[in-house]
Amino acid sequence: MLITFFTSAVLVTSVLLVLSNLGTVADDTSKALRGAVQRIRTHGAMASWVAFAILWLTIFALGFL
């Protein structure tokens, strides 16, 4: 019971922190994605990186189901 309460409190706190800084999170995420895409194009390993990204998107999508 105590562990459930603690994990729920951590989850709620994390969600509130992300929501309170949503603009900053979105800006940082877009900068990181733009930088990653630029590095991928520079090194020419687009297929492997796209496969890796699809793998992680699938993992996160299945985690939300």
Correct closest heavy-atom pair for V25 and V18 would be CG2-O, 4.5 Å
Approximate separation, where rounding is to 0.5 Å, of [X] [atom1] and [Y] [atom2]:
X: L33; Y: D28; atom1: CG; atom2: CG; value: 11.0 Å
X: L17; Y: L22; atom1: CG; atom2: CG; value: 12.0 Å
X: D27; Y: N21; atom1: CG; atom2: CG; value: 12.0 Å
X: T29; Y: R34; atom1: OG1; atom2: CZ; value: 10.5 Å

Apply side chain to side chain contact (heavy atoms under 4.5 Å, CB included) to the pair L11 and T7, showing each step before the final yes or no. CA-CA 6 Å; L11 178 66; T7 55; over 6 Å; no
Within a reach of under 6.0 Å around CD1 of I3, are more than 12 heavy atoms found that belong to other residues, nucleotides or ligands? no
Once you measure the plane-to-plane angle for W56 and F52, does it fall in the parallel (<30°), tilted (30-60°) or perpendicular (>60°) bin? perpendicular
Spell out, yes or no, whether I54 and I59 are grouped together once hydrophobic residues are joined by side-chain heavy atoms under 4.5 Å, including indirect joins. yes
